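Just so it is clear, the structure is predicted and the values come from calculations on it, not from any experiment.
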Amino acid sequence: MRCITESRDPKVVGMAIMGRPRTSAATDEAVEPLVSPVNSHTEWDPLEEIIVGRLEGATIPSGHPVVTCNVPTWAGRLQGLAAGLRYPRMLVEQAQQEIDGFVALLESLGVTVRRPDAVDHRRRFGTPDWTSRGFCNTCPRDSMLVIGDEIIETPMAWPCRYFETHSYRPLLKDYFRRGARWTAAPKPQLTDELFDPDFRVPKDGEPMRYILTEFEPVFDAADFVRAGRDLFVTRSNVTNRMGIDWLRRHLGPEYRIHEIESRCRTPMHIDTTFVLLAPGKVLINPEYIDVDRLPGILSSWDVLVAPEPDPIDEALLKVTSMCGKWLSMNVLMIDERRVIAERHHTGMLRALEKWGFEPIPCDLLHYAPFGGSFHCATLDIRRRGSLRSYFD
């Protein structure tokens, strides 16, 4: 494995981006330049600060084809019947106990944990073209993308998530005041023109199809993972080509974005398909990824094949989970060696140990009805590291 360590001091980068030191309007006297509290370039640099989502006010997503085409069949049927209602208390209480334990674990590891505001997601909202109720703010990884000292609010395709970042606004404003860059991608219209009315899930062997058209840019941040100057993305039913192009142009020539081809028939989010663990090590889903079709830039990296997930015997969880079986891959790196992984998935824990990592078992199995696991439930705000390239 070879790494090009072309690094830049993040403080210097932040100061250069912010421009000249601020001056007082009254005295025109220079004041101390701001140093951004936001700094994260990879999925593995030592973690210092993170946002963890909330369950309070969680509401079953309002019915829309872009929602039902992505969730498992049973969950989709239940969602159609209960759309706009609160999640059952039993589901919330189980997940709440686990997320509280996860937060306590992060804090015990010396990580600063921030949380969004609690929100009543049953409140109806709309645009001139449509109305909807909300969903939840359990998964900050979807609605915001951190690139260096910049937080980008993403243009998500689910109408029920249109205003989801509002619950994070107190945090975003705090980070901005302290020196972070804060950007919002163009707010999408989400009119019928964005969605293919004739869409159906392609069968195995059929050409890939997506429910999204190229009417406007949309993307979820969770379809991207970061390795310094290189990002990897999966096109999906929530991320279209226009969305990928928007981010590519926004970031400019300093970054490269590589598309990962997925064989998943209902793709949504890269973090159960292609997971960056450390410099030179990537974890892939053997059901969704053809190793021979990975971008050539990964040729010098170790490609680790995820073991078959342990079965889940809990009947209620099987029919309420919004995620597929490969949620076992949804891990959170604390640094290049330590990794938080689901306690239930013993096969994954053993594999991580065999590959030289130090897995930290934790419970978050009952978070699946709300959209994910450890990587989904978090947004790393600050990791100790600088911008560099990990590829020739």
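A salt bridge links E259 with R241; the closest basic N to acidic carboxylate O contact falls under 4.0 Å. A salt bridge does not link R209 with D196: none of the charged nitrogens is closer than 4.0 Å to a carboxylate oxygen. The residues D142 and R161 are annotated as salt-bridged, a charged nitrogen and a carboxylate oxygen being separated by less than 4.0 angstrom. Using a 4.0 Å cut-off between a side-chain N of Lys or Arg and a carboxylate O of Asp or Glu, D120 and R86 qualify as a salt bridge. Here R115 does not pair with E107 in a salt bridge; the nearest charged N to carboxylate O distance is not below 4.0 Å.
No side-chain donor-acceptor contact under 3.5 Å links E314 and H344. The closest side-chain donor-acceptor pair between T42 and R388, if any, does not fall under 3.5 angstrom. Checking T131 against R124 by side-chain atom types alone, a donor-acceptor pair falls below 3.5 Å. Residues D149 and S36 have side chains that never bring a donor and an acceptor to within less than 3.5 angstrom of each other.
Within the hydrophobic cluster formed by Ile, Leu, Val, Met, Phe, Trp and Tyr side chains joined at under 4.5 Å, directly or through other members, Y210 is accompanied by M208. Other residues sharing the hydrophobic cluster of M242, ordered by chain and number and joined by side-chain separations under 4.5 Å: none, the residue standing alone. Under a 4.5 Å side-chain heavy-atom cut-off, the cluster of Ile, Leu, Val, Met, Phe, Trp and Tyr residues that includes I312 is completed by L317, L365.
Ring centers of F232 and F274: under 6.0 Å apart, within the cut-off. W301 has its ring centre less than 6.0 Å from the ring centre of F391.
Looking only at side-chain heavy atoms (C-beta outward), Y175 and W182 stay at 4.5 Å or farther from each other. Residues P170 and D117 are in side-chain contact: their nearest non-hydrogen atoms beyond the backbone lie under 4.5 Å apart.
With respect to W44, the side chain to side chain contact (heavy atoms under 4.5 Å, CB included) criterion is satisfied by exactly one of L276, V339, D335, I334: L276. Applying salt bridge (Lys or Arg N to Asp or Glu O under 4.0 Å) to E287 and the options K325, R263, R265 leaves one that passes, K325.
No more than 12 heavy atoms of other residues, nucleotides or ligands shown are found within 6.0 angstrom of CD on Q97. More than 12 heavy-atom neighbours from other residues, nucleotides or ligands sit within 6.0 angstrom of CZ on R122. Surrounding CZ of R200 are more than 12 heavy atoms belonging to other residues, nucleotides or ligands, all under 6.0 Å away.
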Which is it for S40 and R226 under the side-chain hydrogen bond (donor to acceptor under 3.5 Å, both in side chains) test, yes or no, and what are the steps along the way?
CA-CA 9 Å; S40 182; R226 305 153 306 142; 2.9 Å; yes

Does the pair D129 and T191 meet the rule for a side-chain hydrogen bond (donor to acceptor under 3.5 Å, both in side chains), with working shown?
CA-CA 7 Å; D129 299 297; T191 54; 5.8 Å; no

What verdict does the side-chain hydrogen bond (donor to acceptor under 3.5 Å, both in side chains) test give for D223 and T234, after you've listed the backbone C-alpha separation in whole Å, the side-chain angles of each residue and the deciding distance to 0.1 Å?
CA-CA 6 Å; D223 270 323; T234 47; 3.1 Å; yes

Decide yes or no on salt bridge (Lys or Arg N to Asp or Glu O under 4.0 Å) for R256 and D230, but give the supporting numbers first.
CA-CA 5 Å; R256 297 181 296 184; D230 291 271; 2.8 Å; yes

Test side chain to side chain contact (heavy atoms under 4.5 Å, CB included) on V52 and I99 and set out the steps.
CA-CA 9 Å; V52 176; I99 200 73; 3.8 Å; yes

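Contact record, A180 with V38: CB-CG2, 3.6 Å, taken as the closest heavy-atom pair. For the residue pair L172 and M144, the shortest heavy atom distance occurs at CD2-SD, 4.0 Å.
In this structure, F370 and Y367 have tilted ring planes: the angle between them lies in the 30° to 60° band.
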